[in-house]
Structure formats: structure tokens, C-alpha cells
Amino acid sequence: MDQGSIAHSVPSIFVVLPDAQEIRGRLHARRQVQDGWLYQVGILVWQDGANGSAEPAEQRAWVPPAHARPVPGVSYEHVPTHRVSGTGSLSQGRPPAWALQYLPHRPGHPGATLLHVVGCVPSDQTLTRDEALAALQQPRAAACIECDAARSLAPEQE
């Protein structure tokens, strides 16, 4: 997928960084929480690549409205929006998804796999519930406690 086609599928948004710089990023999703909204934004940053090179990589984070401002003239109507329903659970247009983070082996610590709810860490690949449950059955696999991935896999109680 080239840069132009990505720009059309994920709309631009202004992202206000912690030091008050404002840069253009992308809005991937919005999520209603008890006291307002959070926006999943992505910005391009450099990361270490193979053979000492630098490669662009997208860093995603959920931010409050003060850190995500609309770009004039950009439509956000197709951004996945997760609203709180009347019962307090999230009503979503599509089912939740999960992502894996591979933690490399280092001296004294074997490699591991960490399961996240999509949005907790950047990922270009998502898993279904069945795939996420299977991934957790693998040796040295665990669910992230920050995004409460284990709880998100539990069947909903009526």
C-alpha cells in the first residue's frame, strides 16, 4: 500500500505533543469513556532499522481531546467509533481485536509474547478472539495488564 492510499483510508488529525508542539498525525479510532472521549492517534517517528539504518515507524497512543485537534476540511465519518451503550458496555461496529508484541530474548530473560487489545501498542496485524486465546496458550505468553487484555477476552455476561 502506498502512502497516498493510506492517507485516504485513515484521516489526518493535528496531534499536540507533551511539549506543546503540534504535528500532523492520523486518527485511527475514537472511544467513549465514562468522562468523555479518547482518540487513537498515530504519528510517524524514526526507529532503528537493519544494519544501523533508520526506518519510519508509526507510534500509536490513545489521547484525550486536548491532544487531538481536527484538520479543517477532513471528514472523520468513517473513523471506527466505540460508544458506551446504555448498559455501560462498549457498543462497537465491529468486534474487538487483539495484537501480539514479541519481546526479544536477552541475557537472563527468555523471549516472550505479550497480548494486547488493539490500540495499546502499535501493530499492523490483528487477531480474532479465537486467535488471541490460542496465542495465550503458547509458552511464555501473557496478557497485558495495562490494557486488561485478559478481561477483554472473557465472554460477556448478560
Side-chain angles (χ1 to χ4, degrees), residues 1 3 5-49 54-104 112-136 141-157:
M1 188 177 276
Q3 197 70 9
S5 61
I6 291 173
H8 295 294
S9 63
V10 181
S12 294
I13 192 158
F14 290 119
V15 179
V16 181
L17 300 178
D19 65 357
Q21 291 183 70
E22 186 173 294
I23 61 173
R24 193 175 285 228
R26 295 188 181 143
L27 179 61
H28 291 276
R30 47 192 167 195
R31 176 174 67 195
Q32 188 177 23
V33 293
Q34 280 189 317
D35 57 348
W37 288 87
L38 292 175
Y39 299 91
Q40 186 186 42
V41 299
I43 60 171
L44 286 179
V45 296
W46 292 106
Q47 73 175 10
D48 293 335
E55 300 173 349
E58 185 177 54
Q59 177 67 46
R60 292 186 189 183
W62 287 95
V63 299
H67 298 287
R69 297 186 324 117
V71 174
V74 172
S75 171
Y76 299 101
E77 70 178 318
H78 296 294
V79 172
T81 302
H82 312 284
R83 298 182 189 278
V84 174
S85 71
T87 61
S89 64
L90 288 182
S91 160
Q92 306 184 91
R94 49 187 175 170
W98 296 267
L100 291 177
Q101 177 185 17
Y102 298 100
L103 305 172
T113 303
L114 197 55
L115 180 76
H116 298 274
V117 173
V118 164
C120 184
V121 296
S123 178
D124 58 356
Q125 211 171 27
T126 59
L127 304 174
T128 65
R129 182 176 186 277
D130 289 341
E131 292 168 330
L133 288 168
L136 280 177
C144 175
I145 60 172
E146 294 295 319
C147 64
D148 208 4
R151 184 172 156 200
S152 73
L153 287 165
E156 288 191 24
Q157 303 293 320

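- Within the 4.5 Å cutoff, side-chain heavy atoms of Pro11 are placed close to those of Val79.
- Considering only heavy atoms from C-beta on, Phe14 stays 4.5 Å or farther from Pro70 through its side chain.
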message: Using the rule given for side-chain contact (heavy atoms from CB on, under 4.5 Å), can you reason through Val63 versus Val15, listing the C-alpha separation, both sets of side-chain angles and the distance that settles it, and then say yes or no?
response: CA-CA 9 Å; Val63 299; Val15 179; 5.6 Å; no

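- For Ala142, the side chain to side chain contact (heavy atoms under 4.5 Å, CB included) partners at least two apart in sequence or on another chain are Leu114.
- Closest of all the heavy-atom pairs between Val41 and Ala68 is CG1-CB, 4.1 Å.
- To the nearest 0.5 Å, the span separating CD1 on Ile43 from CZ on Arg60 amounts to 12.5 Å.
- Scored by the side-chain hydrogen bond (donor to acceptor under 3.5 Å, both in side chains) test, Glu131 finds Thr128 as partners (sequence neighbours excluded).
- If you take CG on Leu38 and NE2 on His67, they are separated by 11.0 Å, rounding to the nearest 0.5 Å.
- Every residue was checked against the side-chain hydrogen bond (donor to acceptor under 3.5 Å, both in side chains) condition with Arg24, not counting sequence neighbours, and none meets it.
- For Gln21, the side-chain hydrogen bond (donor to acceptor under 3.5 Å, both in side chains) partners two or more places apart in sequence, or in a different chain, are Asp19.
- Annotation: side chain of Trp98 is in contact with side chain of Val117 (closest heavy-atom distance under 4.5 Å).
- Across all non-hydrogen atoms, the minimal contact from Glu58 to Gly42 is OE2-CA, 3.6 Å.
- Nearest heavy-atom pair, Ile13 versus Leu27, reported as atom, atom and distance to 0.1 Å: CG2-N, 3.8 Å.
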message: For a side-chain hydrogen bond (donor to acceptor under 3.5 Å, both in side chains) check, start with the C-alpha distance between His82 and Gln40, then their side-chain angles and the critical distance, and finish with the verdict.
response: CA-CA 11 Å; His82 312 284; Gln40 186 186 42; over 6 Å; no

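- Scanning all heavy atoms of the two residues, the minimum distance from Tyr39 to Arg30 falls at CD2-CB, 3.6 Å.
- Residues meeting the side chain to side chain contact (heavy atoms under 4.5 Å, CB included) test with Leu136, sequence neighbours left out: Leu115, Ala143, Leu153.
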